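Here is the structure we will look at.
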Amino acid sequence: MNDAISSPRLAARVCGLAGSATVEMSERIRQAQAAGAEVLPLASGDPNLPTHPEIIAAAHRALQEGQTRYGPAAGLPALRTALARRLSARGGAGYSADELLVTPGGKFAVFAAMMAVVEPGDEVIHFDPCWVSYRACVRLCGGVPVAVPALGTIDAGRVAAAVTPRTRMIVVNSPVNPTGAVLSRDELAALLAIAERHDLWLLFDQVYAELVFAPDGFVPLQSLPGAKRRTFIADSLSKTYGMTGWRLGCLAAPEAAAKAVLKVIQHSIYCVPPFIQAAALAALALPESIVERHRERFRRRRDVAAAALGALPGISCAAPPATFYLFPKVGGDDKAVAAEWLEKLAIAVLPGSAFGAAGAGHLRLSLACSDEVLDEALARLRRHYLANSRDKDEIKTGSTA
Ligand code: GLU
């Protein structure tokens with residue numbers, strides 16, 4: 001008897017949901033590596049930065065001191081205060097601890113904010129291409145994701161045209177995963193104006209805010225007058241401090257909205273483990289020079305990789321102003337190119353179409369790997385494309401030289 005066939009029915013919200021392309025590719029790489037295969041991982045936004053020893057020591061200390069029980073659902077007061085201070089210091093609006101909730105990663109901050117706002121059938125506008133989980137989180141809340149193409153700049157007219165009486169929220173992400181773009185003040189102001197006109201929430205995902213290469217290149221949405229009262233901010237320590245596995249993020253929101261989201265936290269995860277929060281406090285106390293070093297490392301990799309990819313026939317690659325992602329245009333079928341790179345070169349990247357229809361014809365490369373892995377991947381690509389273009393020339397000229 002087949003257990004799967006005889007089991008009761010599952011909810012449509014999960015049956016109809018596609019898995020996360022980023023997470024599933026990471027699983028695939030892990031399994032291949034465990035089986036002894038060599039794969040160069042340029043797929044996931046999982047920085048190869050070792051967690052700083054002081055962060056690890058703080059977690060040890062907290063465990064030894066007995067911080068092994070439940071903590072406050074909203075997060076440790078000291079961490080909420082430190083996060084509020086950091087957010088306020090970035091410029092723009094001032095935040096207090098009461099407006100901050102500690103979440104297990106930025107992803108749960110996104111999900112919890114949507115749970116507090118989106119009712120069944122409500123529409124949430126997002127840009128395309130975008131991070132793979134926005135659409136899924138909207139669906140899990142019973143909502144309807146509405147894509148507005150925005151591969152380059154955001155066209156406010158298209159956003160305004162996408163608003164209907166069911167629209168509740170616009171998801172704004174800057175710097176942008178997967179393109180590495182940073183939204184300008186004018187783009188953000190246009191979105192805020194639309195949100196104000198239709199009384200919508202804005203969800204601002206700024207998890208790459210510390211990875212903007214130009215000084216003062218990042219404009220926080222909440223810095224715009226009037227934005228704070230309708231904005232949820234999702235943030236994370238993952239990318240900045242090499243803490244992806246610690247699952248430490250936060251959600252900032254007007255106090256009444258934060259109180260509503262707190263109920264989602266109480267009834268789901270209860271709290272982020274207090275010893276993880278103690279580690280996060282240690283991360284926030286580290287000197288700014290550590291973050292600068294990380295940023296500089298990613299900027300160097302971006303320069304090297306964008307130049308190397310752009311030199312390959314058929315590929316054009318801009319050097320984005322932020323993040324550790326490249327989004328080169330490869331032309332043709334991006335899924336086929338990604339599959340070819342994986343099969344022939346053992347280089348794992350993601351097809352741009354995984355991030356939305358507007359991403360088709362592109363690949364997303366994550367430069368969060370080590371310098372050695374990146375150099376090896378670029379060398380393999382160079383050899384592969386050179387050999388292929390030589391073959392084509394030979395076919396064209398009939399030459400065998
Ligand atoms: N955000 C990262 C990425 O886009 C990590 C995986 C995920 O959360 O989707 O690769």
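Count residues from 1 along the sequence. Note that this is a predicted model, so its numbers are computed, not measured. Just follow the structure's listing: the first ligand is 1, and inside any ligand the first atom is 1. When reading the values below, keep in mind they use all heavy atoms of this one structure, side chains included, and skip hydrogens, waters and symmetry mates.
Applying the ring pair (Phe, Tyr, Trp, His ring centres under 6.0 Å) test to every pair with at least one member in residues 131-181, sequence neighbours left out, gives these pairs: W131-Y134. Judged as a salt bridge (Lys or Arg N to Asp or Glu O under 4.0 Å), the pairs with a partner in residues 251-279 (not counting sequence neighbours) are, in order, E255-K259. Within the structure, ring pair (Phe, Tyr, Trp, His ring centres under 6.0 Å) pairs that include any residue of residues 22-72 comprise Y70-Y270 (at least two apart or interchain).
Residues Y208 and F324 bring their aromatic ring centres within 6.0 Å.
Protein residues with any heavy atom under 4.0 Å from ligand 1: T22, S44, G45, K107, W131, N177, Y208, K239, Y325, R364.
Geometrically, R364 does not engage F327 in a cation-pi contact defined by less than 6.0 Å to the ring centre and at most 45° from the axis.
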Would you check, one step at a time, whether the test side chain to side chain donor-acceptor pair (under 3.5 Å) holds for N48 with S370?
CA-CA 6 Å; N48 76 323; S370 68; 4.7 Å; no

